[in-house]
2 protein chains.
Amino acid sequence: MQTTEQTPQHHHDASRAAARRQQILNAAAQCFREHGFHGASIALISKTASMSPGHIYHYFENKEAIIAAIVAQDLESLLTLTAELRAACNVRAALIERAAEGVFDQLDQAGAALKLEIVAEAARNPHIAQIVREADATCRRELAITIGEIRRSTGHDDTPAAVGEMVEVLASLFEGLLLRTIRNPGLDRTRVAQRIQIAINDLLDQPG
Amino acid sequence: MQTTEQTPQHHHDASRAAARRQQILNAAAQCFREHGFHGASIALISKTASMSPGHIYHYFENKEAIIAAIVAQDLESLLTLTAELRAACNVRAALIERAAEGVFDQLDQAGAALKLEIVAEAARNPHIAQIVREADATCRRELAITIGEIRRSTGHDDTPAAVGEMVEVLASLFEGLLLRTIRNPGLDRTRVAQRIQIAINDLLDQPG
DNA sequence: TAACATAGAATGAGCGTTCGATCTAGAATA
DNA sequence: TATTCTAGATCGAACGCTCATTCTATGTTA
């Protein structure tokens, strides 16, 4: 679809529709965080979004489409973050410094609740699993390039598989924080972030 | 209630009831894994357990009680594992060797699905959160003792807080695997386990 | 007026839970 | 031993409710 040049601006234009769509997604994200994908009803989402239940179906085919959109939106932020990391610069210090911010992001309770909900859903819903796995593969690819370059610059000559394993360990270290912040909300964020930085530093020095 | 000495063995005895209860829990665990806590209906659970829906309510007050029992049962296995680890012996090598088994356990997809479901539920259900957090506190306490002893034996003199942070990092590393096995089911289990062993080894040498 | 935005009631399915009826097997009695 | 009694085990229909979704009617604006 190509956009017409002078943007005709009907009452019913595309930007208003997009805003309405986002309004639904924001409400849905909040409801899903508080009640889970299956615990949040369309009635509740519509109420939170201040519109009628029926109207939601003008923007989404069904509830699963809303879930898929939320999942895609959440993963997209992850993808841009990984891309940023990669674009910034490939030095070790930059990765490790960025990691501290990443730790704080992961430790946000509301965000963690939604991310956990997504992966739990992926474990049983093949459609969601596909979305999640494609995004994860992209992240891993990016991270592998970054880590590969860091390793090469410190004299290591790793196989792609070896780099892939390090990516897994790094990812595990980060994603585990989503569970930690639920299981132990009182943990010392700053101190844990520091220790994770050290752990990442050590990880980058593992034998090939 | 004191047990009568010669075990009267009525038709309706306690062991049969316990077996029936466990039969329900097994069915429920399977259903929860496949459909989530809120996606699995009592009708489905009763069918899986080969009994009538109404009969389930002779053993559990309501659905939430079933969920709580599943959660408690799952966490109990975690607690005994931590206790075993602690009882075995407090040398570094034992911890690291045990870790490899732990990694494989965490990478089991069916088990991971249920554990993720539990933490996701804990993020929104205060009752479940309490159960999960109490179990986690116990695990952390045990792990802190073990790690504290290892550290002391290698000449470090850590504050309890420092040990607590190391426990957090260790836990994060492990629990992250629950997400990794869903997001990237194709990962090389053996190789990742080896790299995690190295990471734990490095963690135990972190500065105080 | 034409075309879309929006509301809200209606629909049928499925939910968790309750409840009375039936079954079953040991206890009691004869 | 044969019969009746009893109480828990078990069933499955029924209840009230909420769900996701659809439909029809009414606003709104270019």
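Please read these numbers as outputs of a predicted model, since none were measured by experiment. Every chain is numbered from 1, with letters handed out A, B, ... down the list of sequences.
- Whole-Å rounding puts the A:I45 CD1 to D:dA20 C1' distance at 11 Å.
- Judged as a salt bridge (Lys or Arg N to Asp or Glu O under 4.0 Å), the pairs with a partner in residues 179-189 of chain B (not counting sequence neighbours) are, in order, A:D136-B:R180, A:E168-B:R180, A:E175-B:R180, A:E175-B:R183.
- Atom CE of B:M51 is separated from atom P of D:dA9 by 12 Å (rounded to the nearest Å).
- In this structure, CZ of B:R16 is placed 10 Å from C1' of C:dT24, rounded to the nearest angstrom.
- Judged by distance alone, with hydrogens and angles left aside, the side-chain atoms of A:R86 form no donor-acceptor pair with the main-chain N or O of A:T146 at under 3.5 Å.
- Look at NE2 on A:H58: it is 12 Å from C1' on D:dA25, rounded to the nearest Å.
- The separation between A:I56 atom CD1 and D:dC19 atom C1' is 13 Å, rounded to whole Å.
- With axes fitted over five pairs at each extremity, the angle between the ends of the helix from C:dT1-D:dA30 to C:dA30-D:dT1 is 10° (10° resolution).
- Legend: residues meeting side chain to side chain contact (heavy atoms under 4.5 Å, CB included) with A:D105, ordered by chain and number and at least two apart, are A:L81.
- By the side chain to side chain contact (heavy atoms under 4.5 Å, CB included) test, A:A137 pairs with A:R140, A:R141, sequence neighbours left out.
- Contacts between residues 116-128 of chain A and DNA chain C, counted as heavy-atom distances below 4.0 Å, involve no residue at all.
- Rounding to whole angstrom units, NE2 of residue A:H55 and P of C:dA7 are separated by 6 Å.
- For B:H55, the ring pair (Phe, Tyr, Trp, His ring centres under 6.0 Å) partners two or more places apart in sequence, or in a different chain, are B:H58, B:Y59.
- In this structure, A:K47 atom NZ and C:dT6 atom C1' are separated by 19 Å, rounded to whole Å.
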Could you write nucleotides 11-17 of chain C as a row of B, S and -, 5' to 3', where a protein heavy atom under 4.0 Å of any base atom gives B, of only sugar-phosphate atoms gives S, and otherwise -? ----SSB

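- Of the side-chain N and O atoms in B:R20, one or more sit less than 4.0 angstrom from OP1 or OP2 of D:dT10.
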For A:N26 and A:Q22, what are the C-alpha separation, side-chain angles and deciding distance, and is it a side-chain hydrogen bond (donor to acceptor under 3.5 Å, both in side chains)? CA-CA 6 Å; A:N26 291 343; A:Q22 192 56 51; 3.0 Å; yes

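- Partners of A:K63 under the salt bridge (charged side-chain N to carboxylate O under 4.0 Å, His left out) rule, at least two apart in sequence or in another chain, do not exist in this structure.
- Heavy atoms of B:F60 sit nowhere under 4.0 angstrom from any nucleic acid atom.
- Under the rule for a salt bridge (charged side-chain N to carboxylate O under 4.0 Å, His left out), the partners of B:E101 that lie at least two apart in sequence or sit in another chain are B:R98.
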Under 3.5 Å donor-acceptor pairs involving side-chain atoms of residues 29-43 of chain A, not counting sequence neighbours:
residue, atom, partner, partner atom, Å
A:H38, NE2, A:E121, OE1, 3.2
A:S41, OG, A:L44, N, 3.1

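- Sequence neighbours left out, the pairs with a member in residues 67-83 of chain A that pass salt bridge (Lys or Arg N to Asp or Glu O under 4.0 Å) are A:D74-A:K115.
- In terms of the side chain to side chain contact (heavy atoms under 4.5 Å, CB included) criterion, residue partners of B:A122 (sequence neighbours excluded) are, by chain and number, A:I182, B:I128, B:A129, B:V132.
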